[in-house]
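Numbered from 1 within each chain, the chains take letters A, B, ... in sequence-line order. This structure is a prediction, so every number in the text was calculated from the model and none was measured.
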Amino acid sequence: MHALAQPESESAWLSPWRRLRRDRIGMISLGVVLAYFAMILAATLDLVSRDWSREVGVPYASPSFLGRQPNPEASPAEGVPRPGGAPPDLSAVDPLAPKYAEWARRTAELKSGEAERAASLPWGGDRWGRDVLDKAIKGSQVSIAVGVAAALCATLIGTLLGAMAGFHGGRADDLLEWVYNVFTSIPGILLVFALAAVLRSGWLGKVFAEGIWMVVIILAVTGWTGMYRLVRAEYLKHRAREYVRAAEAIGASAASRMFAHILPNVSHVILIQLSLLVVAFIKVEVILSFLGLGVPVDMVSWGTMLAEAQTELVIGKWWQLTAATAFMAVFLTAFSMLTDSLRDALDPRLR
Amino acid sequence: MSALLTVSALRVSFRLGTGRTVDAVRGVSFAVPENATLALVGESGSGKTVSAMSILRLLPENAVVDAASRIDYSGENLLTAAPGRLRALRGREISAVFQEPMTSLNPVLSVGAQVAEVLRLHQHIPPRQALERSAELLAEVGFALPKARLKAYPHELSGGEQQRVMIAMAVANEPKLLIADEPTTALDVTVQRQVLELISRLRERRRMSVLFISHDLGLVGELADEVVVMRDGEVRESGPVGRVFNAPRDPYTRALLACRPPLDARPRRLPVIDDFLRGGGVPEGGELRRPEGDGGIVEARDLQKQFRLRTGWFAATVIPAVRAISFRLSRGRTVGLVGESGSGKTTVAMLLMRLLDASGGEVRFAGVDLLRLSPRDVLPFRKRIQVVFQNPYASLNPRFSIGRTLTEPMRIHRLGTDDAGRTERARQLLQRVGMPENSLRRYPHEFSGGQRQRIAIARALAVEPEVLICDEVVSALDVSVQATVLNLLLDLQEERGLAYLFISHDLAVVKYMSDEVLVMREGEVVERGAPEAIYRDPQHEYTRKLLAAIPR
């Protein structure tokens, strides 16, 4: 698109923006999504939730707004009872005996101590007393990054291949259809396992180490097929349209016809599928994390939170579940509605 | 003649999303006489279809019918009738045939099943009997082997046959009124004639009334008893057909009658609606003068195209679309190509443009054989030979502003130094084709069909071609808009010395535009010559059929 600088590029982007401005739901969704991105940025810069992994409360600290509640899980577990009576004096035979006095003195110098643990936290605590709200914020960073990045990658792959197959047809289409068939014939979860195994071994394992990039790649490589199929069908339909023929007649190159002429006309399909993919990938990340193939254990995501929430629910600790669900639901709803509004705003026919 | 149905003071408006309303029909009154044909004539947007669909209440959701409007049919007001009563009337006493037979029939049901369904819905007769009756109906609308055709699916029928099935369904329950909404617009001219004759014949035999809707005043002349001319939601003139044709009172009616290209003369300018509405009559301009042909720019020799259809693993059938066609285009002159759909005339255009690869023959352009050039070497020739397509609604990219549409070809061929210069040129082009200044930033959907076709012509001219292929450029336009586009094309040809290849199914239009006419049928040229000679003394039987199909 950059090669085709537009003489009136200002208005080309200004008018969609003006249309989006008039869409109240679209603007609210945009505000929510921007707020999430601001939160993620703050979390990445360690401005908020830096200490999400510190155990600041008692285990399963209850949410502040519930007030103090009985919390049997918080009281320290009864250990093995100490044997009664003073220990026998062994100093005569103990070679370390001279050192004891010094050790005792040095121990006294160190300030030990369990920090004071809060009995309640703003939105409660988890099993180790970590703040659930901090976890949810930090988890947003990981989950949204994974979901959006993977969806963008999958969209890029699916759109490129779909455009190629649909536009050129013939051999290219046959080949890509074959690749598509092979990909979709393998059960999804098996493909994920296989990819995870490949990515973790050998030099690839060093490159991707244990970061979230591995999850992004797994999701993108397994998730492009639906997008491919849709985009291919759209290109098949559009390549025979007269406006594409007209573009060919004035000498527009194949690339220009594919991406400058047809792509804007099929963008609504891509945008809708993109928003569905983001939603789906955030959910799949939950499953992957649950299976231990997701984000590394020293990170937190909505997926890991939901996985933990499973056991907590049994003993009536619902706050981690609600925190993760609320964060996720608000973001996904706003994101879907934003892509909907974006589609309308980008279409000059709908005013 | 007593009236079967009376429409009085009909007002229909449409609610738009933003709380605004648009008036489509503004106080229209007419009466459909019993056992006769009433024609509603007008350009697109004149409200003729909305008026007719109000009768069956088949209007879109956002339509508002004014409470004072009345449509009286055998003593009841159809506008206030209960939905159940309307359902009983539709298809039984009042039925309709629409413009697009291809989309009006259900593609997954056989023809017999669809005709029988109409019978069974309203007459409650057993399936076997309904099928027998369907076969009789198909025979009545002119199918040679009606029993066999019952099992056919819509895609196995041609457009004309599909429209005849639609008519069979419409008359199946012996309706008192048949509403035909542009039933022949999507059909070839010779088929159009057959369908019109069928409708007249059925009307007489069944003693029903027909409400015939068309944009072509000439067409309804032979069919209608009464004519109502509509424009902008109002009735401009109405009366018996002879009176309206011979002594039109309204200038708009006079304009509609005059804007069709005449067969017996070649005026320099075709009259357009505005000439008449401004009070003037037929513009003076004398006869059209044609330049003498010189050596020729493009010479096509033995142009051929076959399509291969794979029918099995190793088998393929070859379908010849164009068989050995030769012609020569010269500066300032026009070669007309006329034929019906499937005759291969559009394929010829595609071959010349290299949008399709030819199977044989050669196209010499300035000494170079276009067909042998590599795709890279074709590019400089794309600048010199341009095309305007049939459907102005499909040939402009809906996502490109008009400015971008017009500057893109200049950018590709590196015409003009910068974007500002190209935009300026685009502005001049728009002015030349008669479009308003502020069109540059607008999008195709904001323009009417005629305006879009002007934009498409401006795009083709943006690269200053020497040859322009006009592929059915006026076929999708109303008769009245046709004249303005044809005038523009003639002006441009005189100004720039363009060579035209003018393709159309309408012999009248081709005759008016061309210096040489090629009549094509099934990929072959069956007759060629000067337009006057072909008109005066057609040699081939097919040419005679085409001539006979032109409405008078």
Side-chain angles (χ1 to χ4, degrees), chain A residues 1-16 18-19 22-24 168-170 174 234 237-271 343-351, chain B residues 16-18 349-350 352-356 375-376 378-383 385-413 418-424 426 440-446 456 459-460 462-463 465 469 471:
Chain A
M1 292 276 272
H2 293 289
L4 296 146
Q6 297 162 26
E8 66 294 330
S9 55
E10 252 181 60
S11 74
W13 289 107
L14 259 179
S15 59
R18 223 177 300 122
R19 265 170 275 154
R22 277 205 298 258
D23 184 349
R24 197 144 49 95
H168 290 296
D174 287 349
E234 286 296 313
K237 197 167 75 190
H238 277 263
R239 72 164 179 197
R241 293 260 168 105
E242 268 186 9
Y243 75 90
V244 182
R245 290 236 148 157
E248 191 181 357
I250 59 166
S253 64
S256 151
R257 269 175 283 147
M258 270 164 90
F259 298 113
H261 283 269
I262 302 183
L263 191 63
N265 281 297
V266 302
S267 60
H268 58 285
V269 177
I270 298 175
L271 274 174
R343 176 201 60 183
D344 291 351
L346 286 172
D347 189 344
R349 280 166 297 189
L350 303 167
R351 289 262 159 115
Chain B
L16 297 183
T18 46
M350 296 289 146
L352 276 194
M353 286 303 295
R354 279 289 301 265
L355 294 176
L356 277 178
R376 182 181 294 273
V378 168
L379 195 60
F381 285 94
R382 289 228 193 277
K383 185 173 133 12
I385 176 165
Q386 271 298 319
V387 63
V388 180
F389 291 96
Q390 167 174 13
N391 190 345
Y393 298 92
S395 65
L396 298 173
N397 189 334
R399 297 286 179 126
F400 278 20
S401 67
I402 305 308
R404 194 171 167 202
T405 300
L406 292 181
T407 49
E408 194 196 7
M410 302 184 213
R411 217 163 24 237
I412 291 170
H413 295 283
D418 55 355
D419 283 340
R422 290 183 191 128
T423 310
E424 184 47 40
L440 278 181
R441 288 194 166 188
R442 293 160 71 187
Y443 287 86
H445 70 271
E446 299 172 55
R459 170 175 60 187
V463 294
I469 301 172
D471 184 7

From the list Val387(B), Asn397(B), Leu396(B), the residue making the most non-hydrogen contacts under 4.5 Å with chain A is Asn397(B)
The interface call for Ser267(A) against chain B, heavy-atom contacts under 4.5 Å, is side chain
Close side-chain approach of Arg382(B) to Glu248(A), heavy-atom, < 4.5 Å
yes
Scanning both residues in full, the closest heavy-atom pair of Ala249(A) with Met353(B) reads CB-CE, 3.6 Å
Heavy atoms of Arg404(B) and Ala260(A) approach each other most closely as NH2-CB, 4.1 Å
Q: Could you walk me through whether Tyr393(B) and Glu242(A) pass the side chain to side chain contact (heavy atoms under 4.5 Å, CB included) test, one step at a time?
A: CA-CA 9 Å; Tyr393(B) 298 92; Glu242(A) 268 186 9; over 6 Å; no
Here the pair of heavy atoms bringing Ser395(B) nearest to Ala246(A) is O-CB, 3.7 Å
Interatomic distance, CZ@Arg459(B) vs OH@Tyr243(A), rounded to 0.5 Å, equals 11.5 Å
Greatest number of non-hydrogen atom pairs under 4.5 angstrom with chain A, of Thr405(B), Asn391(B), Asp418(B), Leu379(B), falls to Asn391(B)
When you compare the side chain of Val463(B) with that of Ile250(A), does any pair of heavy atoms fall below 4.5 Å?
no
Here the pair of heavy atoms bringing Glu408(B) nearest to Ser256(A) is OE2-OG, 3.8 Å
Heavy-atom nearest pair, Asn265(A) first then Pro398(B), reads OD1-CG, 3.1 Å
